[in-house]
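Here's the structure we're looking at; comments come further down.
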Amino acid sequence: MTKQELPKAYDFKSTEPRIYAMWEAGGFFQPHNDPNKPGFDPNVEPFVISIPPPNVTGELHLGHAMFVSVEDLMIRYHRMKGYSTLWVPGTDHAGIATQLMVERDLLQKEEVTREELGRDEFVKRTWEWKHKYGNIITNQIRRLGASCDWSRERFTLDDGLSRAVREAFVRLYEKGLIYRGPRLINWSPGLKTAVSDLEVEYEEEDVTLYYFKYMLAGRGGSRSAPPEYIPVATIRPETILGDTAVAVHPEDERYKKYIGKTVIVPILNREIPVIADEYVSMEFGTGALKITPGHDPNDYAIAQRHNLPIISMLDKEAKVNENGGKYQGQDRFEARKNMWADMKKAGLVIKEEPYRTTIPRSQRGGEIVEPMISEQWFVKIESLAKAGLDAVRDGRIKIVPERFEKIYFNWLENIKDWCISRQLWWGHRIPVWYCPDGHMTVTREDPTQCAACGSKEIRQDDDVLDTWFSSGLWPFSTLGWPQQTADLKYFYPTTYMETGYDILFFWVARMIMMGLEFTGEIPFNTVYLHGTVRDQFGRRMSKTKGNGIDPLWVLDGAPVEALPDYAQKQYPKGLPAMGTDALRFTLLTAGSPGNDLNLNLERVESNRNFANKLWNIGRFVINAIDGLGDQRPKASLQSPTSNYTLADSWIWAKLQQLVRDVERNFQNFQYGQAGQQIYDFIWSDFADWYVEIAKEQMKSDDTRTSTVETLARVFDTCLRLLHPFTPFVTEEIWGHLRSSILQSSLSRLARDWTPALIVAKFPQPRQPEGWEEAKVADFELIQEIVRSIRNLRAEKNVAPSKKIPATIISGERVDLLKAQSPIIATLAGLDQSQISNLKFLQDKPADSASLVIGSVEIYLPLAGMVDLSGEKSRLEKELKEAESHIARLEKLLSSDFAGKAPPALVQKERDKLAGYKDTAEKLKTQLK
RNA sequence: GGGCGCUUAGCUCAGUUGGUUAGAGCACUUCUUUUACACAGAAGGGGUCGGGGGUUCGAGUCCCUCAGCGCCCACCA
């Protein structure tokens with residue numbers, strides 16, 4: 001292979017697809033220890049994540065980008081650690097969402113409704129849709145660098161998972177944990193299906209509160225006794241049609257006398273009783289409550305207590321039914337208007353007033369949900385919930401961040417039976433058959449006759465199951481359950497469950513309950529929850545608000561007109577393409593676990609710059625290696641205490657500290673911290689200091705090869721540490737680095753390297769050896785000297801290109817400074833040939849500006865450039881600063897701090913104080 | 001009505017067993033086309049860590065309290 005010049009800028013556009021293809025072709029996404037393949041070793045520890053399956057009709061949004069970034073990070077880290085790592089991908093059939101989308105499409109393109117098409121044809125069309133568009137989302141997820149094992153990809157409606165759903169349903173049924181019956185459920189009139197409690201969202205809205213009279217029955221009234229009535233308030237006057245009682249508080253003096261009497265339902269003129277129930281609040285409204293058991297959960301409960309009849313007055317489209325008299329056929333809101341008008345005419349109206357209350361709306365359709373009595377299937381949840389609670393309480397499952405455990409407990413402790421039937425066509429059909437006699441047959445295989453009476457006239461239940469029923473089985477159904485497959489045996493329970501906190505109840509809690517119920521094991525041992533990605537002002541991204549950022553814009557760039565308003569202002573020329581790594585690194589480091597993240601596009605830009613920086617550091621290191629030619633290492637690096645330069649020792653010590661910090665942060669799920677630390681090390685320590693010093697060290701034959709070796713080894717470690725965060729750019733550079741090293745005289749370094757970084761070994765932390773602290777302190781002194789000189793030069797406007805002479809005086813540190821003088825000279829722009837010998841001087845050179853750093857004095861003879869009076873005030877300022885430090889530290893050290901703080905800490909402060917005292921002394925002498 | 005989170009530099013945010021001159025990115029000022037990088041380098045300015053109280057030798061960090069913002073859960077018509 002011939003060496004080719006690497007371009008100045010990292011080209012992520014051409015690199016990313018090439019690298020991804022290489023990974024996939026190399027089989028790196030598959031677990032290295034596969035139970036289905038020869039040579040399987042059951043003792044190798046697996047690490048498994050099941051992907052939160054995106055909706056098969058979905059398109060990539062930042063929520064996907066977030067979970068892919070975090071999960072791929074977890075996966076890549078563990079893969080590099082040597083675990084047999086499996087990330088199971090797949091998609092969800094997403095009942096309502098998909099059905100709606102296909103319905104809309106059919107209506108638009110063919111002007112047919114699903115009812116016109118019929119169930120079988122509609123389902124067929126939906127499958128066609130799935131086959132056509134179902135891979136869009138998975139391809140988009142590939143673009144994010146997801147290292148899923150695509151050979152194990154699953155779909156919630158595929159044959160295997162359908163069998164799992166069937167098995168789960170039948171088992172629950174046989175155990176008596178599934179029942180069917182008429183209950184008050186949330187009905188979505190737009191979607192014409194039941195929805196679960198979780199699928200209803202409550203929002204505060206301005207409505208009208210209507211006050212009216214419930215006239216007492218049998219009292220027409222007369223001149224002596226005006227007609228009596230009970231005033232009642234409601235926000236839904238049309239539900240009067242379904243009223244079966246009026247309730248008052250038993251202690252309410254105003255209404256006590258009416259208890260047991262009857263009142264007349266307006267317009268319908270039905271008679272209903274006045275009952276007493278403590279639920280009614282005497283303070284609120286009129287203190288009297290109309291009871292509509294058929295359309296209100298509270299009223300339903302009261303009706304049960306008092307054995308009241310239940311009247312349904314709405315049909316499936318929320319139109320008034322035959323129980324609504326003259327209003328039959330009217331929409332609920334139309335009926336409300338008409339009813340109220342009629343009541344006005346009848347003189348039954350008291351007043352209307354504006355009112356603010358929470359209104360239940362369907363999460364999907366957005367229309368107001370109507371509580372209705374309906375025949376539905378339910379899961380008896382109590383025992384499942386208890387098991388789910390125990391698993392987290394006793395620590396078998398850990399939730400990160402921990403505060404979500406409390407939320408989880410609270411929800412499960414108050415959970416109600418789960419309505420699992422949906423009146424949809426797209427989904428797992430409920431495996432129950434009915435015969436004309438009403439017997440139910442519930443079986444794993446489709447029956448041909450009724451299990452009870454043998455009737456051949458059986459008909460399957462029309463309903464399908466809630467989508468979350470199948471997603472609840474996901475961690476084990478994707479591994480083959482209910483069959484005891486090799487995958488299930490080895491990879492289950494899975495390891496982490498990573499997802500957004502917004503589906504803790506929908507999904508996570510149900511997986512825990514169902515996992516425990518069906519497999520007898522926890523489905524995963526850790527739940528890690530990330531936050532929601534919002535726009536840079538903290539607003540939820542939404543299509544209607546038009547403030548959403550499409551991840552693909554961030555990857556590929558976008559024309560200005562595609563962007564939301566605020567971004568148009570920021571990027572009048574359009575959004576530049578920034579690549580996957582930049583987006584991933586931003587999502588991983590810009591926030592903290594469990595908290596929402598406001599995506600700042602400028603931050604993505606800076607991370608694109610980071611990728612480019614990395615690329616260029618790589619070019620430098622590779623050039624340095626190539627530049628060695630066949631020059632044999634003079635003496636290989638031995639130990640930091642023998643032939644390392646100070647800079648070598650320093651960067652090595654800092655790197656080892658970094659590896660330890662990163663490891664600790666990974667263990668604590670502090671990925672953002674880890675990423676930030678790697679970023680800082682690479683940019684601020686390695687590039688800004690070590691690379692610059694390396695240029696100097698490479699000039700000398702004595703240190704040339706050892707410097708290149710250090711560059712190569714440190715950079716290699718950086719790439720490994722960073723790979724889970726920014727997989728593409730690190731893989732690309734590492735490949736170049738690897739081949740350069742193998743062709744160089746340093747080839748021994750890379751001899752055991754893997755073919756690709758994705759499967760390279762993650763750096764192992766090592767304990768400090770004891771020398772580190774002193775070397776780091778020494779190097780930091782050099783840094784401080786360099787910074788001080790640079791600072792002075794900038795202040796005095798010395799041209800950067802101008803090399804200036806210097807005299808450095810130091811007592812105790814003379815050896816260190818002598819050794820480091822070439823580096824100080826290079827970095828600070830000193831004329832090396834004119835650096836005075838380090839020595840003890842009694843007098844400072846004339847016409848010099850001076851710097852004092854502890855015991856070190858530096859004189860820069862800037863004759864003609866230095867204004868001496870200004871010089872004096874500068875030194876006075878420095879003295880003042882030093883003295884304020886001295887005062888602060890003396891106060892600190894004379895307080896209880898000295899006695900009570902850890903001795904090492906106290907000593908550190910004492911040393912600092914001594915340094916400042918030294919500085920102050922020297923400054924004072926100079927000022928004289 | 002319960003519960004949770006947030007409030008740190010102009011903006012967006014880190015800051016996990018409390019450790020002493022509080023960090024990053026962007027923005028800002030000055031300088032530099034120095035042979036890895038101008039998507040860069042060097043130097044700098046900018047914060048009484050929302051208010052108040054407490055614990056402690058020491059508090060952005062722990063406790064109490066108040067305020068503002070956001071979220072979740074909850075059947076007051």
Side-chain angles (χ1 to χ4, degrees), chain A residues 6 8-10 202 209 232-236 239 247 279-281 283-292 296-301 355 357-358 371 401 403-404 406-407 410-411 414 501-502 504-505 531-532 536-538 576 578 586 589-603 605-624 664-665 668-670 672-673 676 679-680 684 687-688 691-692 695 787 790-795 797-801 827 829 881 884-885 888-889 892 895-902 905-906 908-909 912:
Chain A
L6 299 175
K8 267 189 165 187
Y10 168 56
Y202 294 85
L209 187 57
V232 177
T234 181
I235 58 173
R236 298 187 296 161
T239 61
Y279 168 80
V280 183
S281 152
E283 291 75 37
F284 191 86
T286 65
L289 178 62
K290 63 190 272 312
I291 303 299
T292 322
D296 184 283
N298 298 315
D299 295 2
Y300 183 78
Y355 187 63
T357 190
T358 51
R403 66 186 143 90
F404 287 103
K406 207 170 158 184
I407 298 173
N410 185 51
W411 186 71
N414 298 297
Y501 65 74
D502 52 332
L504 178 62
F505 307 142
T532 309
Q536 60 186 290
F537 308 107
M578 299 189 279
T586 304
T589 59
S592 44
N595 290 326
D596 290 349
L597 168 75
N598 297 354
L599 182 73
N600 197 328
L601 291 169
E602 282 163 353
R603 192 156 177 146
E605 269 190 282
S606 80
N607 288 326
R608 173 207 56 186
N609 295 352
F610 178 52
N612 194 57
K613 182 81 181 180
L614 201 68
W615 173 256
N616 278 296
I617 296 169
R619 287 174 66 213
F620 175 82
V621 174
I622 288 164
N623 283 338
R664 182 174 45 80
N665 280 317
N668 296 329
F669 303 92
Q670 300 291 328
Q673 277 302 105
Q676 206 56 54
Y679 178 104
D680 289 340
S684 308
D688 289 347
V691 164
E692 293 308 316
K695 288 173 187 173
R787 281 199 196 101
R790 284 170 173 174
N791 183 352
L792 189 65
R793 290 176 58 123
E795 244 178 68
N797 287 322
V798 179
S801 54
L827 297 183
E881 209 173 295
S884 83
H885 281 299
R888 180 179 59 83
L889 288 167
L892 178 68
S895 71
D896 287 353
F897 173 77
K900 297 195 177 175
L905 204 67
V906 176
K908 219 169 115 191
E909 297 304 318
K912 270 195 218 166

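What you see below is based on every heavy atom in this structure, not just the backbone, and it leaves out hydrogens, waters and symmetry mates. Chain identifiers are assigned alphabetically (A, B, ...) following the order of the sequence lines, protein sequences preceding nucleic acid strands; residue numbering begins at 1 within each chain.
- Contact annotation: A:Asn607 side-chain N/O to B:G25 OP1/OP2 distance is not under 4.0 Å.
- Not counting sequence neighbours, A:Lys613 has no partner by the salt bridge (Lys or Arg N to Asp or Glu O under 4.0 Å) test.
- Within 4.0 Å of A:Val691, counting heavy atoms only, lies at least one base atom of the nucleic acid.
- Among the atoms of the strands shown, only primed sugar atoms or phosphate atoms (P, OP1, OP2) are found under 4.0 Å from some heavy atom of A:Arg403.
- When heavy atoms are screened at a 4.0 angstrom cut-off, A:Phe669 is found touching no nucleic acid atom at all.
- Contact annotation for A:Tyr679: backbone-only contact, meaning every heavy-atom pair under 4.0 Å involves sugar-phosphate atoms and none involves a base.
- Heavy atoms of A:Leu892 sit under 4.0 angstrom from at least one base atom.
- Within the 4.0 angstrom heavy-atom criterion, no nucleotide atom of any strand lies near A:Glu283.
- Among the nucleotides B:C57, B:A74, B:C39, the one closest to the side chain of A:Asn609 is B:C39.
- At a threshold of 4.0 angstrom between heavy atoms, the contacts of A:Glu795 with the nucleic acid are absent.
- The pair A:Asp296-A:Arg236 meets the salt-bridge criterion, since a charged nitrogen lies less than 4.0 angstrom from a carboxylate oxygen.
- Nucleic acid contact class of A:Lys290 (heavy atoms, under 4.0 Å, all strands): none.
- In this structure, A:Ser606 reaches the sugar-phosphate backbone alone: every heavy-atom distance under 4.0 Å involves primed, P, OP1 or OP2 atoms, never a base.
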